[in-house]
Structures are given as structure tokens and as C-alpha cells.
Amino acid sequence: MKKILFIDYITTGEHADYNNIQIESLCKLDCKIDICSHKDSFTLNLFRDSINNLFVLPEAYYKKNSNKIAFTLSIFRRLSYIRELIKREKYNYIIFSSYISFFQLFFRFDSPTFLVNHYNLAILDGRRKCMIKLLAKNYIFISLCEPIQYFLKNNLELDSIVVKHGLFLKNNEKLKELSFHKQYGDYILMPASASLDVDLIEDILCSERFNAFLKKNSLKLVVKGKYKTKHENIIVLNRYLSHEEYHNLFYNAVSIILPYNEFFINRISATLLESITYNIPCLLSSKYLYDIYRTYFKYDAYIESSDQLITNLDKVLNDNEIKISPYKNMNTEKSDWSFILRY
């Protein structure tokens with residue numbers, strides 16, 4: 001039986017949901033699946049009976065340190081550990097769930113090795129383009145959607161294989177333990193993220209009309225991050241949230257707002273896919289992202305201003321069909337690694 005090694009040497013929980021989706025897909029193959037990662041990089045209880053071996057990267061490799069030399073050494077130690085593991089176990093296929101271009105250049109492997117592109121292509125200057133092209137000589141790139149695949153082909157003349165992110169694995173075990181709904185009532189959530197449209201956020205937070213809309217509909221807007229507002233129906237949540245708290249805050253929202261800016265390109269939004277998984281209507285300001293997932297929405301999900309947000313939210317909140325089932329064609333968002341057996 002062929003052996004696959006699934007690796008996440010970077011994250012310590014941030015990509016756990018993504019990793020869970022990919023591991024579930026891989027476990028459907030007639031192969032032995034080994035995992036090498038930080039202990040929090042996936043949910044072991046979901047796959048305890050499905051995986052062959054788990055190799056946990058030593059906690060000493062993840063000590064928080066702002067010193068660049070110490071960080072560089074920690075990454076090299078993780079990759080060196082992985083290299084020795086691969087030499088010993090002799091895998092047929094190797095998958096890096098995420099990667100850092102610079103460090104990956106110093107390592108190559110004999111078996112077909114796949115690199116999943118998350119944020120790696122978001123900002124590409126001359127140096128980064130050069131690294132991506134060098135990596136393509138020894139690795140096979142994975143794109144999370146067709147537009148990323150097109151970008152690699154058209155701009156860098158590089159091939160890649162599309163393996164979609166996939167919808168989240170539903171887990172409602174801890175949702176009843178902590179309910180933000182009891183504290184806030186019905187609320188709309190604007191979670192913290194990168195590449196945010198600061199002007200749009202300010203427009204929303206300062207809008208008298210939007211605040212009146214919230215009041216009329218007995219709603220609160222919960223904003224995660226460092227913001228200020230004078231409106232009583234807008235709650236700024238500027239504190240650390242545990243994994244359970246964040247998920248409870250997310251899953252109890254009546255709608256999600258994702259105010260991405262124009263630099264949100266060549267990547268996908270896991271937050272959007274989480275909204276789709278749990279049938280929570282989502283509104284977003286990224287035209288790039290909206291165009292990718294346009295066929296999933298039963299409503300107008302694109303926003304450019306607080307006034308447009310009000311119009312689209314009013315439709316979402318008052319259309320019973322959308323409230324019950326805001327998305328369609330969701331079965332096309334599947335992670336599928338079956339192609340790997342052709343290599």
C-alpha cells in the first residue's frame with residue numbers, strides 16, 4: 001500500500017480546520033496516511049482510527065521569539081526533522097499543507113512533493129517571483145481555485161493542480177457551552193482579518209443610517225479588532241478569544257461581513273467557506289473573491305458602501321428562503337486528492 005505524508009510545519013492551530021478537511025479527503029484513498037505537524041495543527045480525535053502514524057514536531061521548535069535569527073533556526077530545525085523522517089519512512093507522496101518560499105528552497109525530496117498555495121501568491125515582487133519559479137523545478141503547486149491556477153499559468157508560466165479548500169467539517173460539540181447570543185441578542189459579525197478595507201469599515205462604523213438600521217431590526221454589529229464607535233448598537237470586541245469562544249461567536253451570528261480590500265487576491269477566504277458551511281449569509285467587499293464564488297450565492301453578496309450593506313442585509317434578513325438556505329451549488333466545493341495516485 002502506498003504511503004502519503006501530510007505536513008504542516010508552520011501553523012499551530014490557525015489552519016487546523018483546513019488540515020482536517022484535507023486529511024479527511026486523503027483518508028478516502030487506498031493509502032497509508034501519516035501526519036507530521038504541531039500537535040494543534042489538526043483534530044486528532046477525528047482521525048484517530050484512520051491515520052497510520054502521527055509524528056508531532058517538538059514543542060521546542062515553536063518557542064515564540066521576535067528574533068529573526070531564532071525564528072530562522074526554528075524553521076530549519078522543523079524542516080530538517082521532516083527531511084530525516086522522509087528519509088527513514090520512504091513515502092510515495094508528500095504534501096505540504098502550507099509553506100514559506102525562502103525556507104522551502106533549501107529542501108528537496110525524491111518523491112512527488114506538493115505545495116499548497118495560501119497567501120504565497122498574494123504579493124509577488126521580483127524576488128518572490130524568482131523563488132516561486134525556483135520552487136517549481138522541484139515541487140508541484142496546488143492552487144485552491146481556478147483563478148489562482150490561471151494566475152500562475154498566465155503570469156509565471158507555471159502549471160498547478162486545483163484542489164479546492166472544501167467545506168468545513170461540522171462540529172457543534174462546544175457551541176452550547178458559550179453563547180454570545182445570550183449576551184448580545186441577534187447580531188451581525190465582522191471578524192478580524194488581514195487585507196481589510198479600512199475606509200469601508202470606517203464608513204460602516206460611523207454611519208448614522210446603518211446604526212438606525214440595526215436599531216430598527218433589533219440587531220447589534222459585533223466588530224472584532226481595535227476600533228472606535230459612538231453608536232450603541234455597535235459592539236467592539238478587542239480581546240483575545242479562545243478557539244471555542246471564536247467559533248461560538250461565529251456560529252451564532254445572523255450574518256457575516258468581510259470587508260476585504262483590493263489587495264485580497266490570489267487566495268481564498270476560509271471565513272467565507274465557513275459561512276457557507278454553516279448557512280450563515282455572508283457579505284463581502286472583495287470583487288475578486290465574489291467573482292470566484294458568485295455561483296454559490298442566492299442573493300447579492302457584494303458591498304462597496306454602508307448604504308449598499310443596508311440594502312443587501314435587508315434582503316438577507318427579510319427573505320425567508322435566504323434565511324433558511326442562502327447558498328446553492330455547494331457540492332462543487334470539495335477537496336479531492338485522488339489525482340495524486342497518478343504520479
Side-chain angles (χ1 to χ4, degrees), residues 180-181 183-238 241 246 249-265 267-328 330:
F180 284 90
H181 186 270
Q183 185 176 354
Y184 301 136
D186 289 337
Y187 62 87
I188 300 161
L189 176 63
M190 187 188 297
S193 183
S195 302
L196 294 176
D197 186 335
V198 178
D199 292 335
L200 176 58
I201 294 172
E202 186 176 348
D203 177 24
I204 294 169
L205 297 185
C206 296
S207 171
E208 297 285 352
R209 185 166 175 253
F210 182 66
N211 186 59
F213 171 83
L214 292 173
K215 188 174 182 179
K216 177 184 176 183
N217 289 277
S218 301
L219 290 169
K220 296 284 192 298
L221 172 65
V222 179
V223 185
K224 183 72 176 70
K226 298 179 180 180
Y227 301 103
K228 292 182 179 180
T229 181
K230 63 179 182 179
H231 296 307
E232 68 276 9
N233 291 304
I234 298 177
I235 300 164
V236 176
L237 200 58
N238 183 23
L241 294 177
Y246 172 77
L249 179 68
F250 190 95
Y251 298 147
N252 282 290
V254 297
S255 183
I256 304 293
I257 302 174
L258 299 178
Y260 294 128
N261 61 27
E262 70 273 19
F263 298 109
F264 194 96
I265 56 173
R267 50 182 161 158
I268 56 94
S269 169
T271 308
L272 171 59
L273 291 172
E274 194 168 13
S275 301
I276 293 172
T277 300
Y278 285 89
N279 272 320
I280 305 171
C282 185
L283 297 136
L284 63 154
S285 59
S286 167
K287 192 69 166 63
Y288 173 84
L289 200 59
Y290 175 66
D291 286 343
I292 294 175
Y293 296 104
R294 182 190 295 269
T295 58
Y296 290 5
F297 299 107
K298 290 183 178 179
Y299 57 94
D300 186 359
Y302 182 62
I303 57 171
E304 291 183 299
S305 66
S306 59
D307 287 342
Q308 195 172 7
L309 173 61
I310 292 169
T311 301
N312 292 358
L313 265 177
D314 189 55
K315 173 72 172 176
V316 164
L317 296 173
N318 294 299
D319 188 310
N320 288 330
E321 181 185 348
I322 293 174
K323 286 170 69 175
I324 296 170
S325 178
Y327 302 105
K328 58 185 178 179
M330 294 159 55

Checking [X] side chain against [Y] main chain: does a donor-acceptor pair fall under 3.5 Å?
X: S285; Y: E304; result: no
X: S255; Y: P281; result: yes
X: N233; Y: K220; result: no
X: Y299; Y: C282; result: yes
X: Y327; Y: I280; result: yes

Taking all atoms of both residues into account, what is the closest heavy-atom pair of [X] and [Y], and its distance?
X: A301; Y: N312; answer: C-ND2, 4.4 Å
X: T271; Y: P191; answer: CG2-CG, 4.1 Å
X: Q308; Y: D300; answer: NE2-OD2, 4.5 Å
X: T229; Y: L205; answer: OG1-O, 3.3 Å
X: N318; Y: K323; answer: N-CD, 4.4 Å
X: L317; Y: F213; answer: CD1-CZ, 4.0 Å

Worksheet item: Under 6.0 Å from the six-membered ring centre of F264 and within 45° of its axis: does the NZ or CZ of R267 meet both?
Response: yes
Worksheet entry | Pairs where residues 273-287 contributes a residue and the test salt bridge (charged side-chain N to carboxylate O under 4.0 Å, His left out) is met, not counting sequence neighbours | K287-D291
Practice prompt. Give every residue pair that meets the salt bridge (charged side-chain N to carboxylate O under 4.0 Å, His left out) criterion with at least one member in residues 196-206, sequence neighbours excluded.
Written response: none
Could you tell me the separation between the [atom1] atom of [X] and the [atom2] atom of [Y], rounded to the nearest 0.5 Å?
X: D319; Y: K298; atom1: CG; atom2: NZ; answer: 9.5 Å
X: S286; Y: Y293; atom1: OG; atom2: OH; answer: 10.5 Å
X: S306; Y: L200; atom1: OG; atom2: CG; answer: 8.0 Å
X: S195; Y: L289; atom1: OG; atom2: CG; answer: 11.0 Å
X: N217; Y: L313; atom1: CG; atom2: CG; answer: 8.5 Å
X: I310; Y: S207; atom1: CD1; atom2: OG; answer: 5.0 Å

Item to complete: Go through E208 and K230 one step at a time and tell me if the side chain to side chain contact (heavy atoms under 4.5 Å, CB included) criterion holds.
Response: CA-CA 10 Å; E208 297 285 352; K230 63 179 182 179; 3.3 Å; yes
Item to complete: With sequence neighbours left out, write down each residue that passes salt bridge (charged side-chain N to carboxylate O under 4.0 Å, His left out) with D314, or none if nothing qualifies.
Response: none
Practice prompt. Using the test salt bridge (charged side-chain N to carboxylate O under 4.0 Å, His left out), find all partners of K215 that sit at least two apart in sequence or belong to another chain.
Written response: none
Worksheet item: Does Y302 have its ring centroid less than 6.0 Å away from the ring centroid of F297?
Response: no
Discussion item. My understanding is that only residues two or more places apart in sequence, or in another chain, count here; which of them pass side chain to side chain contact (heavy atoms under 4.5 Å, CB included) with A253?
Written reply: Y187, L189, I256
Practice prompt. Please identify each residue that fulfils side chain to side chain contact (heavy atoms under 4.5 Å, CB included) with T311, with sequence neighbours left out.
Written response: none
Worksheet item: More than 12 non-hydrogen atoms from neighbouring residues, nucleotides or ligands closer than 6.0 Å to CD on E321, yes or no?
Response: no
Practice prompt. Would you indicate whether the side-chain heavy atoms of L221 and H231 approach each other to under 4.5 Å?
Written response: no
Practice prompt. Compare all side-chain heavy atoms of Y260 with those of L272 and state whether any distance is below 4.5 angstrom.
Written response: no
Discussion item. One pair to check against side chain to side chain contact (heavy atoms under 4.5 Å, CB included): K224 and L241. What are the steps and the verdict?
Written reply: CA-CA 10 Å; K224 183 72 176 70; L241 294 177; 3.7 Å; yes
Item to complete: Begin with the C-alpha distance, continue with both residues' side-chain angles, and end with the deciding distance and a verdict on side chain to side chain contact (heavy atoms under 4.5 Å, CB included) for I188 and L214.
Response: CA-CA 9 Å; I188 300 161; L214 292 173; 3.9 Å; yes
Worksheet item: Does the side chain to side chain contact (heavy atoms under 4.5 Å, CB included) test come out yes or no for I257 and I303, once each step is laid out?
Response: CA-CA 9 Å; I257 302 174; I303 57 171; 4.1 Å; yes
